[in-house]
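Letters go in sequence order (proteins before strands), and every chain restarts at 1. Note that these values count all heavy atoms, side chains included, but never hydrogens, waters or copies made by symmetry.
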Amino acid sequence: MSEGGFDAYGVDAAYDRGAAVCVIGAGMAGLLAVKNLREHGFTVDCYERETAVGGSWNWRNDRSPVYASTHLISSRPLTEFPDFPMPDDWPDYPHHSQVLGYLERYTDHFGLREHIWFGSEISRVEPTGDGRWDVIVKPVSGNAARRLRYAAVVLANGHNWDPRMPEYDGMHEFRGEIVHSSAYKEPSKVRGKRVLVVGAGNSGCDIAGEVALNAEETWHSSRRGYWFVPKYVFGKPGDQALAGLDWLPFGLRQKVSEIVLRKVVGDPARFGMKRPDFRLFGSHPIVNSHLMYHIGQGSIKPKPDIERFTEDEVVFADGTRAKPHTVIMATGYRTTFDFCDPELLGMTGPDDAPRLIAQMLSPKAQTLAVVGLVQANGSHFPLAHWQTVALAKWLRLRERDPQAARAFWAKAVPDAGRRYVHGHLNDTARHRLEVSHDVYLKALGDLIQELEGVK
Amino acid sequence: MTRRLDVTRGLDYRDPVPHAHREILAVLPEDPTGKPPLLFVSGDPRGARVFTEHWLPHAAHRGFPAHALSVRGQGGAAKVKGDLRAHAHDLAQAAASLATRPVLLGHGKGAAILAEGLARYPARAAVLIAPRLGRTVPPPPAGEPPILVAGDPGDKRAPQAALEKTGAHYGVAPLLFQGAGHDMMLNAAWREPLDAILDWLDKLTEEERA
């Protein structure tokens, strides 16, 4: 939208909010930012385009990717915020509605609601030149935009809402239905149909399992092999069982975990799937117990990558064909910040992926941060929590000790884009956001202690 | 001595504390006053009941929604054993279950539970009463709550040296109640220490509002 349109409403003159911090989004990451910034003494204004908190986890929100049967894939004790436990009588893997309930309780318990402006969209975030920010806020219904000036801006608008759709030859001639997984909500739509699910990420594998119970015929196409971590290993949630090996040095832990998973899960090739072409922990694993079960029952037919579409068929790389009514593309999401200059987020490379300090601070501006922009082999919730604590400590250090802040910054900027992973990872756009949970957590802990001056 | 911030929570990841029934007893003000809820915990095997005779009703009378917790193994809670980590887990669970953020108050060995629990829950404020922390070094509290240390310098179980050591750890001067005894919530002079603690909380709330 052009800014010219707002002139009539007087957006030229900014309403100065002084030392206040602007948080964009009231999903998981935004709520953490509001709570932890306020706990460190900051005044916070949070803007949310929806009329409720919860972001992705709020199934009522039109951008929410959750479907009726979405459950957590990391277990409860490893998912909860480190300072606000989920009720310990909840199941190991809570349902998405429980996660939303948890976020709503967090909001009310810490009195965050009065700091959130609902139904407010951000149309522009721009630097004022003196380290502060002008934020143009527009009501979702109506166009009475306002320009507000903030000391700092925190982007917490999520990265699982802008569907990434792949392109295949003949796709546009295909007469069946092609939808993105974000549009898949519940299984009644696929009842009695022939369905192809594309993508072997966590959503792809989970949706394939649900479709298999309802569709007439189900195919599942994946480009590469993955490591599967069952939801239970030796009777414990898989992530807790593997965390039991944390005391081992990384190389040995990787080896032992691989042996355990090969024994417990078995050889994917026996099920007609590819073997993973990377080491365990090299990319986030797929937490899924039912994919192989359905393949074993014949209710899911595994397929390789799609080669092309015809009018009524899909042709796979191995020359086999399928005739689906519906194709569900579980092909992930794009990282989109359409309201601010991509250069501010270090999105200057050919892949458009952000390169940030500690994967959260803009290398171009000391007072711009992104929270929750990570893909991890574990829960995002604790990562986003410690990110917002580190952010609050950083902003406070700038206020209290400018000299120490300058020293920190001079050291941090050249480190922007550093990866927090074990070993080597491919640098594709898809994997750019990926962190190893334990490596990144430890780095955030060190960062917090450094900003606090604890030696 | 300080303990490092524990972000990795190794033990809680590989061996989480299982659920065990907790007992929460409460006395609420007749009309809501806007004052923060209180949550007491003690090291006494009788658990929450040690606070119900005098302290909960009086705190409620002064406008505080007053709660007391029995962690596993105490009072009416599940009859299962638990270590300090399990008790701190019970305290954080109880605190998070209240509608709004409470002030946490720990007495005796309950102050050790509180000190450990403060790393798992950002209390609005924390009060360590006649603290018996033993040799444990408390972890850094979450959310930097205001902290008060209080006790009777003549108390043999939490002597003046212990009060001062605990106070020094948190960087505060202990509040002393001569003659209040160790179990000051049950003794004849139960009112004076509680009133002083509630006065401190009232002052904090006023400062927050200002």
Side-chain angles (χ1 to χ4, degrees), chain A residues 35-36 38-41 74-90 92 102 105-106 108-112 236-237 239-247 378-379 382-383 385-386 389-390 392-393 396 437-449 452 454-455, chain B residues 1-22 34 36-37 39 71-72 77-78 82 85-86 88-102 104 116-125 139-146 207-209:
Chain A
K35 182 250 182 199
N36 286 324
R38 283 189 44 74
E39 215 165 78
H40 283 77
S74 50
S75 70
R76 173 178 47 75
L78 280 72
T79 305
E80 63 196 15
F81 299 145
D83 66 350
F84 189 70
M86 288 188 187
D88 59 3
D89 52 356
W90 276 12
D92 288 329
Y102 173 68
R105 276 191 45 77
Y106 184 80
D108 292 324
H109 188 86
F110 293 111
L112 309 181
K236 284 175 85 174
D239 50 7
Q240 293 175 22
L242 292 185
L245 301 172
D246 272 355
W247 55 279
S379 169
L383 298 180
H385 169 84
W386 294 116
V389 171
K393 307 256 183 227
R396 196 161 70 177
H437 195 266
D438 52 340
V439 176
Y440 190 49
L441 254 188
K442 207 175 157 297
L444 287 173
D446 291 346
L447 177 62
I448 290 167
Q449 304 249 320
E452 270 193 333
V454 179
K455 289 289 167 286
Chain B
M1 209 166 92
T2 54
R3 236 163 90 178
R4 279 182 70 85
L5 177 71
D6 177 22
V7 295
T8 46
R9 302 278 166 101
L11 195 51
D12 291 326
Y13 279 9
R14 52 183 188 268
D15 188 21
V17 177
H19 170 79
H21 175 71
R22 295 176 287 274
L39 180 60
V71 296
R72 61 192 66 201
R85 181 172 74 106
H89 164 95
D90 287 339
L91 177 61
Q93 284 280 333
S97 75
L98 300 179
T100 58
R101 190 177 175 188
L104 302 183
E116 197 66 30
L118 285 177
R120 296 151 185 273
Y121 179 81
R124 189 176 300 222
E144 305 170 1
E207 282 168 8
E208 264 174 37
R209 285 196 187 130

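- In this structure, the side chain of B:Arg9 engages the main chain of A:Pro82 through a donor-acceptor pair within 3.5 Å.
- Partners of B:Pro16 according to the side chain to side chain contact (heavy atoms under 4.5 Å, CB included) rule, which considers only residues two or more places apart in sequence or in another chain, are A:Pro77, A:Gln240.
- Side-chain contact between A:Asp88 and B:Arg22 is present, with at least one heavy-atom pair separated by less than 4.5 Å.
- Taking 4.0 Å as the cut-off between side-chain N and carboxylate O, B:Glu208 and A:Arg38 do not count as a salt-bridged pair.
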Less than 3.5 Å apart, which donor and acceptor atoms pair up between the side chains of residues 440-448 of chain A and the rest of the protein, not counting sequence neighbours?
| residue | atom | partner | partner atom | Å |
| --- | --- | --- | --- | --- |
| A:Tyr440 | OH | A:Ala358 | O | 2.7 |
| A:Tyr440 | OH | A:Gln387 | NE2 | 2.7 |
| A:Asp446 | OD1 | B:Arg4 | NH2 | 3.1 |

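- The greatest number of non-hydrogen atom pairs below 4.5 Å with chain B, out of A:Phe84, A:Trp90, A:Trp386, A:Phe81, is found for A:Trp386.
- We find that B:Arg101 and A:Glu39 are joined by a salt bridge, their nearest charged nitrogen and carboxylate oxygen being less than 4.0 Å apart.
- Of the atoms belonging to A:Arg105, it is side-chain heavy atoms, and not backbone ones, that fall under 4.5 Å from chain B.
- Using a 4.5 Å cut-off between heavy atoms, A:Phe110 touches chain B through its side chain atoms alone.
- Contact annotation for A:His437: only side-chain heavy atoms (C-beta onward) come within less than 4.5 Å of a heavy atom of chain B.
- The choice from B:Gly10, B:Ala119, B:Ala20, B:Ser97 that makes the most heavy-atom pairs within less than 4.5 Å of chain A is B:Ser97.
- Chosen from B:Ala142, B:Pro145, B:Pro122, the residue pairing most often with chain A at heavy-atom distances under 4.5 Å is B:Pro122.
- Looking at A:Asp438 and B:Tyr13, their side chains never come closer than 4.5 Å, going by heavy atoms from C-beta outward.
- A:Pro382 touches chain B through its side chain: at least one heavy atom from C-beta onward sits under 4.5 Å away, while N, CA, C and O do not.
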